[in-house]
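The block underneath contains the structure these notes are about, expressed in structure tokens.
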Amino acid sequence: MFQLKYNKMSVKILHIDSNHPVLWNQLEEAGFENHADFKSSKEEIEAKIQDYNGIVIRSRFKIDKVFLDKAINLQFIARVGAGLESIDCDYAETKGIHLIAAPEGNRNAVAEHSLGVILSLFNNLNQADAEVKAGQWNRESNRGHELDGKTVGIIGYGNMGKAFAKKLRGFETDVLCYDILENVGDENAKQVSLQELQKRADVLSLHLPWTPQTDKMVNAAFINAFEKPFWIINTSRGKNIVTADLVEAMKIKKVLGAGLDVLEYEKLSFETLFQDKNTPEAFQYLLEAKNVLLTPHIAGWTFESHERLAQVIVNKIKAVYA
């Protein structure tokens with residue numbers, strides 16, 4: 001990490017999204033000058049971005065080449081979240097702009113959410129709850145599975161994957177991980193090839209960024225390479241899965257159930273999904289399937305992670321100007 005030789009007292013930061021007050025207050029206490037604009041359009045922000053040295057953003061819009069060319073005095077971009085896919089990182093780096101993210105801030109939240117999804121799917125908790133509330137007492141059709149003795153495969157063994165593997169230590173499971181980086185396995189997960197993971201896994205959990213390499217990675221060929229029927233959990237990015245292929249695999253019970261916190265059809269801002277009136281056929285299947293659990297991109301969205309993300313960003317901004 002490089003260090004910028006600027007006086008932080010002269011650093012003007014534009015906050016484009018609201019965040020936990022810790023972020024604003026601690027930056028102010030450290031001598032930075034905060035400004036907020038949560039409503040202006042991307043074009044309106046571009047018209048004044050030359051006045052700022054830093055941006056704090058969640059996912060309101062994409063920071064592309066056009067934006068970066070207008071941000072002539074920008075020293076850093078801080079995204080209050082795990083990934084930087086909404087930013088043209090390569091172009092920003094050519095301009096010497098420091099990029100900051102906070103995957104440490106919500107990794108525990110994502111891990112707990114992933115575990116909760118698996119347990120809910122295995123034990124039909126959502127389905128059983130809905131049936132009882134509707135006056136139905138169906139015990140046999142809600143007979144569950146135990147996580148004990150299963151093999152859990154984690155693809156993407158960074159902050160999120162490692163945190164999830166740690167949560168699994170209380171269960172008698174074999175945990176495997178696959179990652180493009182070598183030697184990332186630890187006491188909580190054995191690193192294996194993708195082929196071995198596909199051979200052995202009963203559960204697949206995705207903890208990947210969205211990149212050209214991971215886009216549409218989970219397609220028909222990927223799914224069919226698994227030796228056993230399996231459950232799939234996705235708390236990473238929706239476009240890492242081809243939904244139509246997933247649905248076809250569920251119809252033939254190659255995929256036994258799916259817990260999806262993210263969907264292929266999400267908008268980049270992650271703020272809404274139901275804008276289009278024409279629901280894709282595959283999405284309609286997910287909405288109706290009893291063995292599918294859907295949540296609105298909230299795996300890392302806890303009260304605790306809200307504050308923790310802000311604190312991580314504050315610490316990293318201050319470290320740039322140390």
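The first residue of the sequence shown is numbered 1, and numbering continues consecutively from there. Predicted model, so just to flag it, every value in this text is computed and none were measured.
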Check for a donor-acceptor pair, side chain of R79 on one end and backbone N or O of V56 on the other, with a separation under 3.5 Å.
-> no
Any link between V22 and I55 through a network of hydrophobic side chains (Ile, Leu, Val, Met, Phe, Trp, Tyr) touching at under 4.5 Å?
-> no
Using a strict 4.0 Å threshold on nitrogen-to-oxygen distance, state whether E196 and R200 make a salt bridge.
-> yes
Is it true that D245 and K216 have a side-chain N and a carboxylate O under 4.0 angstrom from each other?
-> no
Which class fits the ring pair W301 and H306: parallel under 30°, tilted 30 to 60°, perpendicular over 60°?
-> tilted
Under a 4.5 Å side-chain heavy-atom rule over Ile, Leu, Val, Met, Phe, Trp and Tyr, are L204 and M217 clustered together?
-> yes
Any salt bridge between D186 and K162, counting N to O under 4.0 Å?
-> yes
Is a side-chain donor or acceptor of S305 paired with a backbone partner of G300 at a separation under 3.5 angstrom?
-> yes
Side chain to side chain donor-acceptor pair (under 3.5 Å) evaluation trace for N188 with K167 = CA-CA 9 Å; N188 300 321; K167 298 297 179 189; over 6 Å; no
Scan side-chain atoms only and decide if N138 and E131 contain a donor-acceptor pair under the 3.5 Å cut-off.
-> yes
Could you tell me whether the side chains of E307 and Q311 share a donor-acceptor contact shorter than 3.5 Å?
-> no
Give a yes or no on whether the ring-centroid distance for H145 and W231 is below 6.0 angstrom.
-> yes
Taking T211 for the side chain and Q213 for the main chain, is one N or O donor matched with an acceptor at less than 3.5 Å?
-> yes
Linking I/L/V/M/F/W/Y whenever any side-chain heavy atoms sit under 4.5 Å apart, do Y91 and Y52 land together?
-> yes
So with a 6.0 Å cut-off around NZ of K190, is the heavy-atom count from everything else above 12?
-> no
Same apolar cluster (I L V M F W Y, side chains within < 4.5 Å links), V218/L194 | yes
N291 CG to F122 CZ distance, which is reported to the nearest 0.5 Å | 12.5 Å
Side chain to side chain donor-acceptor pair (under 3.5 Å) partner of N159, the single match among E104, H207, R107 = R107
D261 and I298: side-chain contact (heavy atoms from CB on, under 4.5 Å), yes or no, with the steps?
-> CA-CA 7 Å; D261 182 54; I298 56 165; 3.7 Å; yes
Is there a donor-acceptor contact under 3.5 Å from the side chain of D129 to the main chain of L125?
-> no
K166 and N108: side-chain contact (heavy atoms from CB on, under 4.5 Å), yes or no, with the steps?
-> CA-CA 10 Å; K166 185 177 180 181; N108 185 71; over 6 Å; no
Between the main-chain N or O of N53 and the side-chain N or O of N73, is there a donor-acceptor pair closer than 3.5 Å?
-> no
Would you please test L260 and I241 for side-chain contact (heavy atoms from CB on, under 4.5 Å) and show each step?
-> CA-CA 10 Å; L260 307 175; I241 295 179; 4.2 Å; yes
Charged N-O contact under 4.0 Å between D215 and R237 | no
Derivation and outcome, salt bridge (charged side-chain N to carboxylate O under 4.0 Å, His left out), residues D202 and K228 | CA-CA 7 Å; D202 299 294; K228 298 182 285 185; 3.0 Å; yes
Partner residues of K48 under the side chain to side chain donor-acceptor pair (under 3.5 Å) criterion, sequence neighbours left out = D37
Hey, quick one: are M160 and Y178 part of the same hydrophobic cluster, counting side-chain heavy atoms closer than 4.5 Å, chains of contacts allowed?
-> no
Aromatic rings F67 and F61: how do their planes relate, parallel, tilted or perpendicular, breaks at 30° and 60°?
-> tilted
Is the shortest side-chain N to carboxylate O distance from D69 to K65 below 4.0 Å?
-> no
Rounded to the nearest 0.5 Å, how far apart are CD1 of I77 and CD1 of I87?
-> 5.0 Å
Are more than 12 heavy atoms from other residues, nucleotides or ligands located less than 6.0 Å from atom CD of E146?
-> no
State the CG-CD distance between L147 and E172, to the nearest 0.5 angstrom.
-> 10.0 Å
Could you list the residues that satisfy salt bridge (charged side-chain N to carboxylate O under 4.0 Å, His left out) with R139, not counting sequence neighbours?
-> none
Testing D17, I45, N19, V80 for side chain to side chain contact (heavy atoms under 4.5 Å, CB included) with I57, which one passes?
-> D17
Take D179 and Q191, measure what side chain to side chain donor-acceptor pair (under 3.5 Å) needs, and give me the verdict at the end.
-> CA-CA 8 Å; D179 197 281; Q191 187 167 6; 5.6 Å; no
Interatomic distance, CD@Q26 vs CD@E29, rounded to 0.5 Å, equals 6.0 Å
What is the distance from atom CG of L287 to atom OG1 of T279, rounded to the nearest 0.5 Å?
-> 7.0 Å
Taking the side chain from T173 and the backbone from K150, do they hold a donor-acceptor pair closer than 3.5 Å?
-> no
Any side-chain donor-acceptor pair under 3.5 Å between E266 and H297?
-> yes
Identify which one of I232, L197, V255 satisfies the side chain to side chain contact (heavy atoms under 4.5 Å, CB included) criterion when paired with F226.
-> L197
Please round to the nearest 0.5 Å and tell me the distance separating atom OG of S120 and atom NE2 of H113.
-> 9.5 Å
